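All values reported here derive from a predicted model rather than from experimental measurement.
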Amino acid sequence: MRFFLILASLSLTPLTYAANGCILAMNGSWSLNPEKSLDPTNLGYEVLVFSNTADEQRYLMEFENGPNDRGSLEWSVPCDGQDHPSPDFPWSTAPNATVAITRLGDKSEFVVQKEDGVHTTSYTRVLTDGDKTMISIGRDANQKVIWVRVFDKED
């Protein structure tokens with residue numbers, strides 16, 4: 001029995017290792033493709049620029065919802081599944097906002113945002129099409145899908 005437990009532990013090690021750290025294949029510029037996206041907020045423009053390291057996601061975002069609703073933000077956070085202080089998102093004014101990034105596999109991650117310790121939004125990002133397309137599926141605190149955004153890699 002002990003042999004089988006050791007064998008099972010060893011066989012799980014590659015799976016555990018594959019899900020550690022940040023996804024380096026996300027690095028580069030990504031443009032929102034509004035025609036392929038399902039976004040009730042009608043986000044018209046968004047560019048994401050990732051410069052991840054093995055342990056930290058570095059992120060620059062420019063967005064525009066309308067002529068008077070545009071902005072940008074830049075932040076970084078470890079990809080360790082733990083809550084970390086998040087930047088001043090335009091849509092979140094809570095002083096204790098946090099974000100946690102958990103890698104799900106080679107091409108996917110799960111992001112959870114909280115305000116004052118309460119889950120507000122989560123989204124799953126998945127790379128597809130030979131790492132030329134990124135799909136982001138956003139959910140509210142009740143796990144209701146609130147957007148499906150498709151991004152095309154620019155470089």
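Residues Val111 and Val150 do not share a hydrophobic cluster, defined by chaining ILVMFWY side chains whose heavy atoms lie under 4.5 Å apart. Cluster annotation: Val126 is not connected to Tyr59 through the hydrophobic network of ILVMFWY side chains, with a link wherever side-chain heavy atoms come within less than 4.5 Å.
Legend: salt bridge (charged side-chain N to carboxylate O under 4.0 Å, His left out) pairs involving residues 46-62, not counting sequence neighbours, sorted by first then second residue: Glu46-Arg149, Glu56-Arg58. The salt bridge (charged side-chain N to carboxylate O under 4.0 Å, His left out) analysis of residues 116-138, with sequence neighbours excluded, yields the pairs Lys107-Asp131, Glu109-Arg125.
Listed by chain and number, the residues in a side-chain hydrogen bond (donor to acceptor under 3.5 Å, both in side chains) with His119 amount to none (sequence neighbours excluded). Applying the side-chain hydrogen bond (donor to acceptor under 3.5 Å, both in side chains) criterion to Ser122, with sequence neighbours excluded, gives no partner residue. Partners of Asn27 according to the side chain to side chain contact (heavy atoms under 4.5 Å, CB included) rule, which considers only residues two or more places apart in sequence or in another chain, are Leu24, Phe50, Asn52. In terms of the side chain to side chain contact (heavy atoms under 4.5 Å, CB included) criterion, residue partners of Ile137 (sequence neighbours excluded) are, by chain and number, Ile135, Arg139, Val145, Val148. Checked against side chain to side chain contact (heavy atoms under 4.5 Å, CB included), Pro78 has the following partners two or more places apart in sequence or in another chain: Asp80, His84. By the side chain to side chain contact (heavy atoms under 4.5 Å, CB included) test, Val47 pairs with Ser31, Tyr45, Val49, Glu154, sequence neighbours left out.
Atom CG of residue Leu127 and atom OG1 of residue Thr133 lie 9.0 Å apart, to the nearest 0.5 angstrom. In this structure, CD on Gln82 lies 12.5 Å from CD1 on Ile101, to the nearest 0.5 angstrom. Atom CG in Leu73 sits 4.0 Å away from atom CE in Met61 (nearest 0.5 Å). The distance from the CG atom of Asp152 to the CG atom of Asn33 is 4.5 Å, given to the nearest 0.5 Å. How far OG of Ser136 is from CH2 of Trp147: 5.5 Å, rounded to the nearest 0.5 Å. How far OG1 of Thr102 is from CG of Asn20: 10.5 Å, rounded to the nearest 0.5 Å.
The minimum heavy-atom distance linking Ile23 with Gly105 is given by the pair CD1-O, 4.3 Å.
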